[in-house]
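Small disclaimer: the values here were computed from a predicted structure and weren't measured.
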Amino acid sequence: MPAIGGLSGDMTIAIAYVFGIILLYIIGRMFFMPIKLIFRLIYNGLIGGVMLWAVNFIGSHVGFMIAINPLTALIAGFLGLPGVILLILFKIFIV
C-alpha cells in the first residue's frame, strides 16, 4: 500500500481503524438516543397512568373521575404530581 501524506502503510491503517471506531461510536449514539427517548415516553406514560388511576380510585368515592387516555397519562407522566394537580384543576374548573 502506498504511503499517504508521508505516513507508512501501517500507520495509515491504524488511523483508518481509529477513525472507523469513532464513526461507529457516533452513529451508534445517534441511533440509541431516539430509543432512549421512546422508552422514557413509555415509562412516563405508565407512571402517569398509575397516578391517574390512584386519583380515580380515591375520587370514585366522591364522584370525581379523570379519563385515562394517552394524553392525560403523558401530561401526568411528564409533569409528575404538578401534572396530576393540573388535570384535577382542569377537570374542576373547565369541564
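With sequence neighbours excluded, no residue forms a side chain to side chain contact (heavy atoms under 4.5 Å, CB included) with L24. Partners of I27 under the side chain to side chain contact (heavy atoms under 4.5 Å, CB included) rule, at least two apart in sequence or in another chain, are L23, F31.
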Could you give the side-chain donor-acceptor pairs of residues 86-95 under 3.5 Å, partners two or more places apart or in another chain?
residue	atom	partner	partner atom	Å
K91	NZ	M65	O	3.2

Taking distance alone, no hydrogens or angles, what donor-acceptor pairs closer than 3.5 Å link side-chain atoms of residues 46-62 to residues at least two apart or in another chain?
residue	atom	partner	partner atom	Å
N56	OD1	I66	N	2.7
N56	ND2	I66	O	2.7
S60	OG	F57	O	2.8

Would you mind writing out the side-chain donor-acceptor pairs for residues 72-81 within the sub-3.5 Å range, not counting sequence neighbours?
residue	atom	partner	partner atom	Å
T72	OG1	A67	O	2.9
T72	OG1	N69	N	3.0
T72	OG1	N69	O	3.1
T72	OG1	N69	OD1	3.2

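The environment of OH in Y43 is sparse: at most 12 heavy-atom neighbours from other residues, nucleotides or ligands sit within 6.0 Å.
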